[in-house]
Amino acid sequence: MAGSDAQSPNPAALLAVHPFVVGMEEAQLRRMSECVTTLTHFDTDQVIFHAGGVARALYLIRGGDVALEVAAPGMGTRIVATLHGGDALGWSWLFPPYRWAFDARALAPTEAIVLDGEALRRCATEDRELGFHVVWRVAREMADRLQATRLQMLDVYTERR
Amino acid sequence: MQPRQKILVIDDEEVVLDSCLAILASGDYDTTTATSGEEGLRLAAELSPDLIFVDVKMPGVPGMEVLERLRAADPTAVAVVITGYATVSLAVEAMKRGAFDFLPKPFTPDEFREMVRRGLERRVEVLAQARERAAAESPGPHPGAEAGPMAPIPCRVLGRWDETYDTVSLALDPPPGWSGFRPGQFNMLYSFGIGESAISISGDPADSGRLLHTIRKVGRVTESLAGLQRGDVLGVRGPFGTPWPLGYSAGRDVVVVAGGIGLAPLRPAIHELLANRDRYNRVLILIGARSSDDLLYPQEIQEWRGRFDVDLQVTLDTATGGWRGRVGVVTTLIPRAEFDADQAVGMVVGPEIMMRFAASELLNRGMSPSRLFVSMERNMKCGIGLCGHCQAGAKFVCRDGAVLGYDEAETLFQVREV
Ligand SMILES: Cc1cc2nc3c(=O)[nH]c(=O)nc-3n(C[C@H](O)[C@H](O)[C@H](O)COP(=O)(O)OP(=O)(O)OC[C@H]3O[C@@H](n4cnc5c(N)ncnc54)[C@H](O)[C@@H]3O)c2cc1C
Ligand code: FES
């Protein structure tokens, strides 16, 4: 579900200053910006995507807060993690079967640069160097998230030595 | 001849003021009354009363704010709040804000006289402590600590309240001769007949009137300490241990990272940082808790967050859909936190695993291990470097810590307790 689209400023220009692309070369950045579809705004509590839905996009959050959550019957909704300005939201567009694993909901007015997942995959296959940069960045996000999740699972606050 | 002790009563109800005046007329006091918070604050500044009664419910400046402003203007002020029956929770809040005690309305003349007696006694003690502290060159560790004060000093519980479902705070009447503490220090608290535990001092170092401890119930001693009620007596030894390097941190960015109960030993440092805010460069406070039910001091966190000169972030390990803040472990706050790693000082407390990961994130950012400090917990017995119970490597945590530089602590984290 998309929010309201803004006419300006130019989303490709905004891409160049997002932390996700730090260290990329000019040519790769240009190629990547061809995959940018829009700059999108989400209102508080607006759903960005639903678990199980087709994962079509990478969202580079410019500002705002996003909750990744699961709704479990009888348990209500649990927030698994929150993402914020500078974070990249979603990697399910990169791997088959291209389905979201969690719900994503804006916790505050949020702005994101939206990149088309399929176009990104195509660019990444055609331009291996760009492919490496994109996959490396997604892998780094995943590694950070994995480490945080492990700590979360350790439930360190209840553990006593 | 002793000067007459001065009492100020602030209440918007004239009948309450009249009856207070009538009750005290037979005593040897100078009693003044005020019908509003504004007038009360003005009179307090003028008269420096020995004891102040404040009604919590007043039009204009509310009683709670009067109390806070009184205590800010003069930390030795002894104030008792007067509450209606329906506002006992407010009274507890007032104790947290430094009230000495509370008096529910309606009260009998005897109840009032007894409160006056206790309040004035308290005032004498507070002034004596303030004089001693002023006489001491620095508010450093208790000189008696090295001399081996193995006997706990009986202290009265002035107030007790729940912080969370498993954590309680106690406000204690400081032991006679108590000359203050430095943020990061701990006391050995003795529950008579049960046993002793090391518990950090968690209050404001500028508040000399009472000694705050926040205790998480994990076993026999902590359960028993947490079960104490107002008026009960426990044993106190201390203060022990090394302080946070606040002097060294002057002019630098300070990054405080607290996980769970770890906020308790850091709170005095936060008070000090905020009270002398211009001494430090950026101040960052990163707080992690398991869930919103586990978050300590939510009201104070709200106040700190409201300051424009502090970057405060709270994150929960797990949250339900209604939570509007961050979710994720506290270490996830570090990579994007805005501080200058080349000069910043880190102060980290929490469960050992959390401290290790937080430290590694801070080091990743380029912070030098020599400017990173943690507080180590080890089971303690003597607290003064005699028994060896707390030994970790070549260190006795009670004497060489609990606040240690990370360059030392890192190796100790791996060392199991003896
Ligand atoms: C310098 C220092 C400052 C401390 N500050 C505080 C504080 O401000 N608030 C607070 O609630 N607690 C604090 N503690 C921890 C507190 O001392 C212990 O939780 C307490 O001694 C446990 O005693 P108990 O009889 O209740 O539990 P026990 O029955 O002794 O133990 C219950 C469980 O807790 C574990 N445990 C016992 N002692 C410790 C310890 N020191 N560290 C970690 N695990 C322990 C045991 O292994 C056991 O699993 C501090 C400890 C130190 C060394
Ligand atoms: S507790 Fe005895 S030496 Fe530290």
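We name chains A, B, ... by the order of the sequence lines, and we start the count at 1 in each one.
Taken to the nearest 0.5 Å, the CG atom of B:D166 stands 13.5 Å off from the OH atom of A:Y157. Atoms CG and CE, from A:L151 and B:M354 in turn, are 9.5 Å apart once rounded to the nearest 0.5 Å. To the nearest 0.5 Å, atom CZ of residue B:R324 and atom CD1 of residue A:I79 are 8.0 Å apart. Expressed to the nearest 0.5 Å, how far CZ of B:F357 lies from CZ of A:R150 amounts to 8.5 Å. Rounding to the nearest 0.5 angstrom, the gap separating the CD atom in A:Q152 from the OG1 atom in B:T318 is 8.0 Å.
Taking 4.5 Å as the heavy-atom cut-off, the residues of residues 83-104 of chain A that approach chain B are A:H84, A:G85, A:G86, A:D87, ordered by number. Using a 4.5 Å cut-off between non-hydrogen atoms, the part of residues 130-148 of chain A that approaches chain B consists of A:Q147, A:A148.
Few gaps surround CD on A:E126; more than 12 heavy atoms of other groups in view lie less than 6.0 Å from it. Other residues, nucleotides and ligands contribute only 12 or fewer heavy atoms inside 6.0 Å of the CZ atom of B:R220.
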What donor-acceptor contacts under 3.5 angstrom involve side-chain atoms of residues 13-20 of chain A, with partners at least two apart or in another chain?
residue: A:H18; atom: ND1; partner: A:F20; partner atom: N; Å: 3.0
residue: A:H18; atom: NE2; partner: A:I61; partner atom: O; Å: 2.8

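For A:A67, no part lies near chain B; criterion is any non-hydrogen pair under 4.5 Å. If you measure heavy-atom distances from A:T44 to chain B, the contacts under 4.5 Å come from the side chain alone. The contact between B:T332 and chain A is made entirely by side chain atoms (from C-beta outward), counting heavy-atom distances below 4.5 Å.
For B:V221, the side-chain contact (heavy atoms from CB on, under 4.5 Å) criterion is met by B:I194, B:S197, B:L225, not counting sequence neighbours.
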Going through the checks in order, is the side-chain contact (heavy atoms from CB on, under 4.5 Å) test met by B:T320 and A:T77?
CA-CA 6 Å; B:T320 53; A:T77 304; over 6 Å; no
